[in-house]
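One structure is given here, and the rest of the page talks about it.
Here, residue 1 is the first one in the sequence, and each next residue gets the next number.
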Amino acid sequence: MAEGRSTEGTNSAATSDDVVDDHTTVQLLYRPQTADTLVGLRVRERIKRTGLVLRGAFLALWVGHWLLSAVGRGSIDVVSTVLFLVVVLVVWGYPRLQAAHVQRIIGWQGEYRTTVSPAGISCSSDHSTLIQKWSVFRGYRETAHHFVLLSRDPNIMSLDVLPKRGVQEAGALDRLRAILDQHTSRA
């Protein structure tokens, strides 16, 4: 019974909204990997550019400091060199650490079953289900092995990474690309 109406004696067949057309949906089945998250973070960085600029400026300041201290002393200082190498390692490794952290958060949930349809994206695992309408996304970027969907907020705080390896049937990648093109733009 819903809102005081009874369904007894009526045809309870699915409405047209409940019917899923196999030609307009794409199913993906995959287990998230750290590399998937890293691709998503790289796409986000290329679009936002703020992180790249800040990390580049930070690294340039350290290179300048190291060079000035080496030239000023006439020799290379071991402490400055070690600190410089630590900074290079942190600047290079930060996205990888972030991707590994995300993997620890989502990896335990096991296999993901994602359905991309004209209504939006539904992603479920054994422990959770997330349904997102197309209005959540500003666009997507296709890489060699992934589709990365970017949230509409100014800081792109949410990413959906759809690995192409998750597509199970022939021709589904072209359908997936067509659905994405129809409902959101390429970023």
Could you tell me whether the side chain of [Y] reaches within less than 4.5 Å of the side chain of [X], counting heavy atoms only?
X      : Y      : answer
Asn155 : Lys48  : yes
Val148 : Leu150 : yes
Arg175 : Glu169 : yes

What residue among Val161, Ile121, Val116 forms side chain to side chain contact (heavy atoms under 4.5 Å, CB included) with Leu149?
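So the option named by the test is Ile121.
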Donor-acceptor list for residues 96-104 side chains, cut-off 3.5 Å, not counting sequence neighbours:
from	atom 1	to	atom 2	distance (Å)
Arg96	NH1	Trp92	O	2.7
His101	ND1	Arg104	NH2	3.3
Gln103	OE1	Thr34	N	3.4
Gln103	NE2	Pro32	O	3.1

Shortest non-hydrogen contact from Ser122 toward Ile131:
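Taking every non-hydrogen atom into account, OG-CG1, 4.0 Å.
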List the atom of Pro118, the atom of Thr24, and the distance in Å for their closest heavy-atom pair.
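In this case the closest contact between Pro118 and Thr24 is CD-O, 3.1 Å.
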Between Gln109 and Ser128, is there a side-chain donor-acceptor contact under 3.5 Å, judged purely by atom types and distance?
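Yes, Gln109 and Ser128 have a side-chain donor paired with an acceptor closer than 3.5 Å.
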Hey, could you give me the [atom1]/[atom2] distance between [X] and [Y], rounded to the nearest 0.5 Å?
X      : Y      : atom1 : atom2 : value
Cys123 : Arg113 : SG    : CZ    : 8.5 Å
Trp134 : Ser117 : CH2   : OG    : 7.5 Å
Arg141 : Leu159 : CZ    : CG    : 12.0 Å

Give the ring-plane orientation class for Tyr30 versus Tyr112, where under 30° counts as parallel, over 60° as perpendicular and anything between as tilted.
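Rings of Tyr30 and Tyr112: parallel, as their planes differ by under 30°.
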Angle between ring planes, Tyr140 versus Phe147, binned at 30° and 60°: parallel, tilted or perpendicular?
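Tilted.
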Partners of His146 by ring-ring contact (aromatic ring centres under 6.0 Å, His included), sequence neighbours excluded?
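Partners of His146 under the ring-ring contact (aromatic ring centres under 6.0 Å, His included) test: none.
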Salt bridge Lys164-Asp36, side-chain N to carboxylate O under 4.0 Å:
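No, this pair does not count.
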